[in-house]
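Below is one structure; the comments refer to it alone.
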Amino acid sequence: MYRSHTCGELRPSHIGETVKLAGWVQRSKDLGGLTFVNLRDRYGITQLNFNSEDNAKLTAEANKLGREYVIQVEGEVIERSSKNMKIPTGEIEIRVSKLTVLNASKTPPFTIEDDTDGGEELRAQYRYLDLRRNPVQEKLRLRNKVALETRKYLDSIDFVDVETPMLIKSTPEGARDFVVPSRMNAGQFYALPQSPQTFKQLLMVSGFDRYYQIVKCFRDEDLRADRQPEFTQIDCEMTFVEQDDILNTFEGMIKHLFTEVKGVDLGDKFPRMTYAEAMTRYGSDKPDIRFGMEFVDFNEVTKGRGFGIFDDAEAVIAINAEQCAVYTRKQLDKLTDWVRRPQIGCKGLIYMRCNEDGTFKSSVDKFYSQEDLAKWAEAAKAKPGDLILVLSGGLARVQKQMNELRLHMGDELGLRNPKVFKPLWVVDFPLLEWDEESQRYHAMHHPFTSPKPEDMHLIDTDPGKVRANAYDLAMNGVELGGGSIRIHDRAIQSRMFDLLGFTKEEAEAQFGFLMSAFEYGAPPHGGLAFGLDRLVATMGGSESIRDYIAFPKNNSGRDVMIDAPSPLNEEQFKELNIKLTL
RNA sequence: GGUCUGGUAGUUCAGUUGGUUAGAAUAUCGCCCUGUCACGGCGAGGGUCGCGGGUUCGAGUCCCGUCCAGACCGCCA
């Protein structure tokens, strides 16, 4: 037996007991004759006491221990003469009678402390050491808890966990596939799933009725702080349901998770908003509704005063940053520089201060009288002391830019508290999205999404206007998940492939199996998928998902610990009938 | 594919207008200290200033190229 207790469990009630502990040396302190060693494991830290008056030889051995040595000790639990009330085990310590070094350690490249001195790159390279740190372990335990509660909840309402294959077929729609060469089928490739989409629909055709899976998905696209090439979805699908049934079911799941895992009550009913409304009010399909600062249409109050920038613009949009009239010229210039960065791409930023004395000061006073500006304030419901920020240009572009500015102001003003959680269902997404590059429509969600029946009449005349039975769950400005009611009718599915520019032959080759399945009594069905990594990161109050993944990849899709990807040898290429053209 | 920021001791960083021997903190090692817990005191070792080229009497510092990391845009049904 290596240990009788963990390093987090001994209390004054254990005083007098002889115990055996094992763990890592957090740090040791030689006071000259008296030596303290902090022993750490997953559960906590227990102090070991070595006294040269008791045992000089043992104390000398203890003084040789370095950080991260793995040791085992035996000794008596005693009361500390100076207690540390900051840690749960701080009232006791172990008077050690036997010390065994189980494994020595090199000095780690960074300190294994909650507040480590190591930078990200180094910690990624030594991820197994980084994972010894408490804050990182806690994040993975949070993930474990979320996954466990997800299973409990879905299992309790009759969802069945079914595994789907990882080696599947490459399809043209959507993200780039990761591909895997097939040795037994020379010149042919599997693709790793971007999601189990078609399989879960086939399971509905099979009559499973309620399916879920916590499953890895793969997309070969460029990465971000909240995007990894392999990520995990809570993937779900249900039969004989309408949109409301799905929203209600998974609203229940998210509420369950927040209650059980975070002790947070998300309230009675998640608010719902149409895509169109979200775009008009926030310029985003995943608005952060933790704060207001909603868009105000400024077309009416700005046009026709001879200011060309506004007069010629398709859209003039304002936000009201409350209590920000105190912003100095320097701060406003900095904001202007911020929106002019190429990533945002504004030409400029117009502002208006609402002075405390009721007068207005704008950067376009030349064109607008005090009466004009009073109308601005009225439109934006601005009070003295507020600051109005205005952007103009093409509608879609300004919405996007103003969304960025709004979120930036929210950050600056501390309105985006990571401990506050505001869910929002965004519904009625457009079915299709025009792609300039390929000059054709793309499915906004995916090709199996059903159009709204009441919009079907537009499908030939104005397909871009057709709305879909598609929905997303946004929280705090993050898209946590999304889904749709699927097409279960072969004719409509064919029509959809048509719209997406597939020939009959292509559609047959890519998705023939699905369309065939639809001819054998496919039930109405729909579902959704949550990004587990993002969900857990949001619950943990982080924007980066990397800390919530045990072994994440870096910006360029590399695992810097195992150094992957890596070249193959000649033999492997030969076996696969692959020649490099590099 | 693009934009921005960074790369200096094991680590985190500073380094002025281009100018003497490149510093601090922390970690490590040694000595002192019997109640530390961010202990303290004294001392020591530790540098390919990412890499390559250029300008210059002289480059950590300026220029060009390149590699790496991070954030973002494009991309991500």
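What you see is a predicted model, and the numbers here were worked out from it, not measured in a lab. Residue numbering restarts at 1 for every chain, and letters A, B, ... go by the order of the sequence lines. All heavy atoms count here, side chains included; hydrogens, waters and symmetry mates do not.
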When the C1' atoms of B/A25 and B/C63 are considered, how many whole Å apart are they? 34 Å
Using a heavy-atom cut-off of 4.0 Å across all strands, would you classify A/L223 as base, sugar-phosphate, or nothing? nothing
Select one nucleotide: of B/G35, B/G40, B/C76, the one nearest the side-chain heavy atoms of A/N49. B/G35
What interatomic distance, in whole Å, is found between C1' of B/G40 and the corresponding atom of B/C33? 8 Å
Name the pairing partner of B/G65, where a pair is Watson-Crick or G-U wobble with both distances under 3.5 Å, or state none. B/C51
Between B/G74, B/U34, B/G35, which one does the side chain of A/R224 approach most closely? B/G74
Between A/E68 and A/K106, is the closest basic N to carboxylate O distance under 4.0 Å? no
Against the side chain of A/T107, the closest entry in B/G74, B/U28, B/C73 is B/U28
Is there a donor-acceptor contact under 3.5 Å linking the side chains of A/T6 and A/D41? no
Using the C1' atom in both, what is the distance from B/C4 to B/U20, to the nearest Å? 37 Å
Please confirm whether any donor atom in the side chain of A/R546 sits under 3.5 Å from an acceptor in the base of B/G70, or the reverse. no
I'd like the C1' distance from B/U34 over to B/C29, given in whole Å. 23 Å
With a non-hydrogen cut-off below 4.0 angstrom, is A/T35 in contact with a base, only sugar-phosphate, or nothing? nothing
Answer yes if the ring centres of A/F511 and A/F497 are under 6.0 angstrom apart, and no otherwise. yes
Send over the distance from A/Q125 CD to B/G70 C1', rounded to a whole Å. 16 Å
Would you mind classifying the nucleic acid contact of A/D115 as base, sugar-phosphate or nothing, using non-hydrogen atoms under 4.0 angstrom? nothing
Between B/U61 and B/U3, how far apart are the P atoms? Round to whole Å, please. 23 Å
Parallel, tilted or perpendicular: which describes the rings of A/Y275 and A/F429, with under 30° parallel and over 60° perpendicular? tilted
Does A/S556 have a side-chain nitrogen or oxygen under 4.0 Å from the phosphate oxygens OP1 or OP2 of B/C68? no
Derivation and outcome, side chain to side chain contact (heavy atoms under 4.5 Å, CB included), residues A/L349 and A/L405: CA-CA 10 Å; A/L349 173 68; A/L405 179 60; 3.9 Å; yes
If you check every side-chain atom of A/D30, which of B/A27, B/C33, B/U11 has the closest atom? B/C33
Heavy-atom donor-acceptor pair, A/E221 side-chain to B/G74 base, under 3.5 Å: no
Sugar-phosphate, base or nothing in reach of A/Q228, heavy atoms under 4.0 Å: nothing
How is A/F36 classified with respect to the nucleic acid when contacts are heavy atoms under 4.0 Å: base, sugar-phosphate, or nothing? base
Would you say the side-chain atoms of A/R416 pair up with the backbone N or O of A/G410, donor to acceptor, closer than 3.5 Å? no
Scan every strand shown for a Watson-Crick or G-U wobble partner of B/C42, both distances under 3.5 Å, and answer none if you come up empty. B/G30
With a 3.5 Å cut-off and just heavy-atom distances, do the side chain of A/R80 and the base of B/U36 make a donor-acceptor pair? yes
Give one of base, sugar-phosphate or nothing for A/E53, where a contact means two heavy atoms less than 4.0 Å apart. base
Could you state the atom-to-atom distance from CZ of A/R534 to P of B/C76 in whole Å? 14 Å
Using 30° and 60° as the class limits, which term best fits the ring planes of A/F448 and A/H446: parallel, tilted or perpendicular? tilted
A/R67 CZ to B/U11 C1', straight-line distance once rounded to whole Å: 10 Å
Taking the six-membered ring of A/W338 (Phe, Tyr or Trp), confirm whether the NZ or CZ of A/R341 is under 6.0 Å from its centre and within 45° of its axis. yes
Please classify the nucleic acid contact of A/P447 as base, sugar-phosphate, or nothing, using heavy-atom distances under 4.0 Å. base
Of the options B/U3, B/U11, B/C76, whose atoms approach the side-chain atoms of A/Q343 most closely? B/U3
Write down the distance between CD (A/E113) and C1' (B/C37), rounded to a whole number of angstrom. 11 Å
Quick one: A/D220 CG to B/C76 P, roughly how many Å, whole number? 12 Å
A/R27 CZ to B/A27 P, in whole Å, measures 9 Å
Minimum-distance nucleotide to A/R558 side chain [options: B/C37, B/A69, B/G70]: B/A69
What's the gap between B/G15 and B/A9 when it is taken at their C1' atoms, as a whole Å value? 14 Å
With sugar-phosphate meaning primed atoms plus P, OP1 and OP2, does A/K400 contact a base, only sugar-phosphate, or nothing at under 4.0 Å between heavy atoms? sugar-phosphate
Whole angstrom is fine here: how far is it from CG in A/N38 over to C1' in B/G35? 13 Å
Check: A/N51 side chain, B/U34 base, donor-acceptor under 3.5 Å: yes
Answer with base, sugar-phosphate or nothing: what part of the nucleic acid does A/Q194 contact at a heavy-atom distance below 4.0 Å? nothing
Spacing between A/F231 atom CZ and B/C76 atom C1', to the nearest angstrom: 9 Å
Which of these nucleotides, B/C76, B/G35, B/C72, is closest to any side-chain atom of A/A225? B/C72
Give A/N554 one of three labels, base, sugar-phosphate or nothing, depending on what nucleic acid heavy atoms sit under 4.0 Å from its own. sugar-phosphate
Is a donor-acceptor contact shorter than 3.5 angstrom present between the side chain of A/R227 and the base of B/C76? yes
